[in-house]
K.L.:
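Please find one structure pasted underneath; my questions will follow.
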Amino acid sequence: MLSTLALAAAIQLTAQAQELAPGARYDPEIPTLEEVAGHGFREAVTPPDDVVRYMEALSAAAPERTRLIRYAESWEGRPLVVLVIGSPGRMARLDEVKAGLARLANPRALSEAEAEALLDELPVVTALMHGVHGNEISSSGAAMAEAYHLLAVQGDADVELILSESLVLIDPMENPDGRNRFVYQNGIAQARWPDEAGVSAEHDEPWPGGRGNHYLFDLNRDLFIQSQPETRGKVDIFLEFRPRIVVDLHEMGGDATYFFPPTAPPSNPWYGERQIALMDVFGEAIAGRFDERGFAYFNRDVYDLFYPGYVDMWPMGHGALGMTYEQASARALKLRRSDGDLLTYGDGVLHHFTAAIETALASARNRERILRDYLAFAREGIALGGRGPAEIVLHSAHDPGMAERLAMMLVENGIEVFRASGPVTVEDRTLAAGSSFIVPLDQPAHRFIHNLLDTHVPMEEDFVRRQIERRAQRQPDEIYDLTAWSQPLLWDVEAIETPATGARGEPIAAGAGRLEAGGAQADVPALPEALVGYLIPWGTNGAAAVAEALREGIRIRAAGAEFTLDGRRFGVGTAIVRAAENGPDLRQRLAGIAARHGAEVVPIDDAYVREGMSLGSRRVRALREPGVLLVYDAPGRSLSVGWARYVLERRYGQRTSAVRASSLGRARLTDYDVIVFPSGNYDDVVGDGLLDRLRAWMRDGGTLITMAESSRWASRAGLLATETERRGGRAEDDDPPEPGTPEPDTPEQPIEYLDAISPEDESPEGVPGAILRTLLDTEHWLAAGTDGEIGVLVEGSRVFRPITLDEGTNVGRYAELEGLVLSGIVWEESQPQLASKAFLIHQPVGSGQLVAFGEDPNYRAYAEATQLLFMNAVLLGPGR
């Protein structure tokens with residue numbers, strides 16, 4: 001007869017087996033989730049604190065087989081952890097294993113014999129990543145179940161193989177702040193019994209939802225820019241453990257089933273054939289297990305392999321295999337689907353658990369093949385660097401800080417970059433050392449370098465042709481994300497392919513500078529004494545330094561025109577810091593600020609300008625720390641709101657008041673110098689009375705900034721004195737022609753079929769994320785810090801007519817048709833309509849102004865050139 005304790009253990013083991021894997025037996029010494037959090041893996045959505053507590057409990061229960069690493073802390077102070085699981089012998093020498101993995105990843109000093117020895121002994125590392133979108137809830141439940149299964153299951157040959165051939169990294173929660181927001185909002189809305197209706201409150205998240213992190217970023221697009229702490233820590237883990245298989249587990253719409261690769265077209269041409277071929281190995285393995293358990297799934301549809309900034313695509317740049325898995329989401333505990341079937345949270349946990357464990361098993365079974373493919377990828381990258389240009393020189397004459405920051409960003413992505421040791425000769429040009437950085441191409445990350453720095457990454461011709469046919473039939477295209485992301489174009493930095501320059505100086509070390517304001521922790525060199533004061537050339541680093549200096553009470557003026565002093569030309573926006581207007585500690589304070597931001601400071605003992613604007617001219621404007629109001633909440637688009645807030649607060653260190661759109665009418669506008677409307681349609685929250693108040697506030701000196709859809713709203717509301725266009729160039733507010741009205745002088749027969757079936761009134765042809773050449777008026781203060789031409793990321797169907805001369809200035813306009821497209825896909829029909837149209841409009845209103853951007857200047861925090869234009873409006877606009 002079983003004792004009470006043994007009977008309870010047997011019941012627990014039976015319950016766990018039914019919950020996860022049929023027939024599994026579990027060690028009662030390993031705690032279940034119910035013992036730690038009070039519910040089973042499939043019963044409830046676990047709050048973020050309990051997810052971490054459970055991973056800590058598992059690690060404490062099996063210390064010889066685990067290592068729990070806290071790799072980051074979210075903006076809201078929540079820990080991000082990864083649990084490393086392996087055999088006791090391998091975990092005991094984990095540092096030695098990591099050193100071997102690093103040698104295999106960079107085989108330049110590796111002999112064939114050494115390589116074979118490493119291939120024979122090293123494990124394959126499989127990284128299972130969960131919950132990068134906080135409201136995609138089932139994957140974190142699955143992560144805890146995966147860890148429990150690998151540590152607690154007994155007598156399972158598959159798990160024994162996994163532990164003997166691999167290390168498994170389980171990140172249970174990539175976005176704890178977003179998950180916390182979802183759990184809180186879902187808990188408020190829960191009914192007494194789980195509500196199955198998709199329209200019910202517990203399925204309907206209020207703005208901004210749980211998808212994004214604290215700054216509302218989509219963390220699955222942040223991998224190479226690493227603007228967010230959650231992503232920085234993740235990439236550090238990837239570079240430390242060099243996982244060869246990386247899976248990111250997501251959720252999708254509730255009426256779907258389950259997706260795993262192979263992926264849909266297009267594929268990124270910089271990924272290796274071996275990586276693509278390996279997808280079938282995993283696809284077949286998971287399909288077999290799903291078929292066995294009766295789970296529906298699909299492949300080769302919707303989810304492509306093109307954009308390199310996803311959690312699963314970033315490792316592809318370093319030779320790993322990355323894969324996305326997508327589970328239909330209940331977005332609560334239960335959902336009645338449109339076909340009448342019931343989908344539960346527990347279903348999602350079970351499907352993700354099954355796919356993840358099968359992935360780890362397939363990885364272990366193919367350990368040697370995967371490692372050999374990885375080694376071959378690295379060797380090929382080194383060899384490719386010897387077959388063409390040897391180096392890429394990053395250079396910016398007008399903003400050296402931008403080139404340096406781009407170089408640092410590459411280093412944070414595991415790419416080797418060197419400072420130029422002296423002047424760099426490129427063809428018939430000599431580039432200054434301080435503004436030039438060398439990226440050698442004979443390195444394992446050769447393909448990743450091209451993916452980030454090349455002007456254009458092409459899509460497969462057959463795929464593009466099919467999209468053109470679909471667009472002609474007014475069907476949506478199948479492009480999943482952007483078609484262009486060239487970082488040099490978006491940072492306004494030259495990337496020059498060249499033979500070896502012989503100018504490689506010191507390598508830039510990882511961690512030398514993050515992309516957040518003040519991230520560069522350089523030594524603080526003393527500034528020389530200066531009789532008159534100091535100049536700070538305007539640019540990305542200079543603007544960040546000025547923002548901090550204003551915040552710290554330093555008095556600064558800005559040049560409203562160019563001038564030449566001591567033989568050097570200084571551009572519009574140059575900051576003038578007079579010694580006489582500041583205290584005796586100016587030199588020390590300014591030195592520290594400049595060092596934190598990498599800003600150049602030029603001492604001046606003579607203010608007598610012999611060419612250009614005098615430093616005492618009326619065109620010199622006194623700056624002050626602006627009071628900034630950011631319109632927050634719906635109807636603003638959450639991504640745009642988050643990008644703007646991050647750029648203001650973190651990238652440039654500008655204090656900002658986030659005011660909900662519904663409370664804007666209660667705000668005392670006179671308390672603010674700048675009001676920012678992120679992209680969105682504000683028709684329903686800004687009525688006639690508030691519009692009149694905004695006009696009066698601008699007339700009294702206020703600076704109103706709009707972007708993308710909020711610029712369209714401003715036009716429609718009568719704030720912005722220009723119009724957006726419909727397809728064919730008709731103004732958006734014009735009445736469409738009567739149906740069937742023939743065009744003047746156009747014969748009715750014969751007809752062109754596609755013309756005949758086209759609607760009379762349509763939005764312009766949408767741009768699927770491309771970069772357009774944009775020309776700037778360099779004499780205008782809004783263009784300060786630029787050289788007159790930048791790349792602008794355009795996404796959507798907005799076309800703004802240029803403002804007329806009597807109403808304002810088109811500070812930025814798209815180039816003429818020839819040379820308009822710098823990178824990506826812009827459909828042939830839409831190019832003529834976009835050519836020479838407005839991107840950046842300055843419209844004076846009394847003593848103030850409206851600054852309107854045609855697109856979002858803060859896109860994903862990596863459109864650095866347009867971010868600078870945005871901050872020009874914030875910092876230089878007040879007082880004009």
Side-chain angles (χ1 to χ4, degrees), residues 396-402 404 423 432-435 517-518 520-626 652-653 778-779 781 784-787 868 871-872 875-880:
S396 176
H398 68 280
D399 191 354
M402 196 82 90
E404 182 175 31
S435 57
Q521 298 300 315
D523 293 333
V524 180
L527 288 177
E529 293 280 2
L531 179 64
V532 174
Y534 302 90
L535 302 178
I536 303 175
W538 198 261
T540 182
N541 289 355
V546 167
E548 180 177 349
L550 292 173
R551 193 171 69 243
E552 295 302 315
I554 295 176
R555 295 195 64 190
I556 298 177
R557 299 176 185 273
E562 295 181 1
F563 62 94
T564 300
L565 193 62
D566 292 334
R568 176 172 173 178
R569 174 193 165 276
F570 293 89
V572 175
T574 297
I576 305 166
V577 189
R578 289 186 174 274
E581 294 180 337
N582 290 283
D585 60 349
L586 172 64
R587 185 163 64 102
Q588 291 76 21
R589 296 172 68 195
L590 201 58
I593 292 171
R596 281 191 289 278
H597 298 280
E600 182 187 10
V601 179
V602 181
I604 54 171
D605 294 321
D606 174 10
Y608 186 63
V609 173
R610 291 169 173 80
E611 182 180 344
M613 182 203 70
S614 294
L615 299 193
S617 166
R618 287 194 299 175
R619 286 178 291 178
V620 173
R621 297 284 182 168
L623 301 183
R624 61 177 181 271
E625 181 189 7
Y652 282 90
T778 56
E779 294 184 1
W781 55 269
T786 75
D787 61 356
L868 177 60
M871 291 307 301
N872 288 350
L875 295 172
L876 300 178
R880 290 184 178 274

K.L.:
Which pair of heavy atoms, one from Ala433 and one from Pro423, lies closest together, and at what distance?
P.N.:
CB-N, 4.0 Å
K.L.:
Quick one: pull up CD in Gln588 and CG in Leu527 and give me the separation to the nearest 0.5 Å.
P.N.:
8.5 Å
K.L.:
Ala591 and Pro525: which non-hydrogen atoms are nearest, and at how many Å?
P.N.:
CB-O, 3.6 Å
K.L.:
Are the side chain of Asn541 and the backbone N or O of Gly598 linked by a donor-acceptor pair below 3.5 Å?
P.N.:
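It does hold such a pair.
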K.L.:
Quick check: do Trp538 and Asp399 have side-chain heavy atoms less than 4.5 Å from each other?
P.N.:
no
K.L.:
Using every non-hydrogen atom in the two residues, find where Ala784 and Gly573 come nearest and quote the distance to one decimal.
P.N.:
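Smallest interatomic distance, heavy atoms only, reads CB-CA, 4.0 Å.
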K.L.:
For His398 and Gly785, which heavy atoms make the closest approach, and how far apart are they?
P.N.:
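Here His398 and Gly785 meet closest at CD2-O, 3.1 Å.
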K.L.:
Nearest 0.5 angstrom please: Leu565 CG to Arg610 CZ, how far?
P.N.:
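One finds 8.5 Å between CG of Leu565 and CZ of Arg610.
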K.L.:
Between the side chain of Ser617 and the main-chain N/O of Arg619, is any donor-acceptor distance below 3.5 Å?
P.N.:
yes
K.L.:
Looking at every heavy atom in both Ala575 and Val546, which two are closest together, and how far apart are they?
P.N.:
CB-CG2, 3.7 Å
K.L.:
Could you pull out all residues at least two apart from Phe563 that satisfy ring-ring contact (aromatic ring centres under 6.0 Å, His included)?
P.N.:
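Here the qualifying residues are Phe570.
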K.L.:
Around atom CZ of Arg618, are there more than 12 heavy atoms of other residues, nucleotides or ligands at under 6.0 Å?
P.N.:
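At most 12 heavy atoms, drawn from other residues, nucleotides or ligands, come within 6.0 Å of this atom.
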K.L.:
Measuring from atom CG of Leu623 to atom CG of Leu876, what distance do you get when rounded to the nearest 0.5 angstrom?
P.N.:
6.0 Å
K.L.:
How about Val577 and Val601: do any of their side-chain heavy atoms sit closer than 4.5 Å?
P.N.:
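Side-chain contact under 4.5 Å: no.
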K.L.:
To the nearest 0.5 Å, what is the distance between CG on Leu875 and CD on Glu625?
P.N.:
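So the gap between those two atoms works out to 9.5 Å.
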K.L.:
Can you list everything that forms a side chain to side chain contact (heavy atoms under 4.5 Å, CB included) with Glu552? Sequence neighbours excluded, please.
P.N.:
Glu548, Arg589
K.L.:
Which distance, rounded to the nearest 0.5 Å, do you find between the CG of Asp566 and the CD1 of Ile604?
P.N.:
8.5 Å
K.L.:
Side chains of Arg578 and Arg555: closer than 4.5 Å at any heavy-atom pair?
P.N.:
no
K.L.:
Side chains of Leu868 and Tyr652: closer than 4.5 Å at any heavy-atom pair?
P.N.:
yes
K.L.:
How many angstroms lie between CD in Glu562 and CZ in Arg569, if you round to the nearest 0.5 Å?
P.N.:
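Here the interatomic distance stands at 3.5 Å.
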K.L.:
Provide the closest heavy-atom pair for Gly560 versus Met613 in the form atom of the first, atom of the second, distance.
P.N.:
N-SD, 3.7 Å
K.L.:
With a 4.5 Å cut-off on side-chain heavy atoms, are Val572 and Thr778 touching?
P.N.:
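No, side chains not in contact.
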K.L.:
Among Leu615, Leu535, Val620, which one satisfies side chain to side chain contact (heavy atoms under 4.5 Å, CB included) with Thr574?
P.N.:
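Between Thr574 and the candidates, side chain to side chain contact (heavy atoms under 4.5 Å, CB included) is satisfied uniquely by Leu535.
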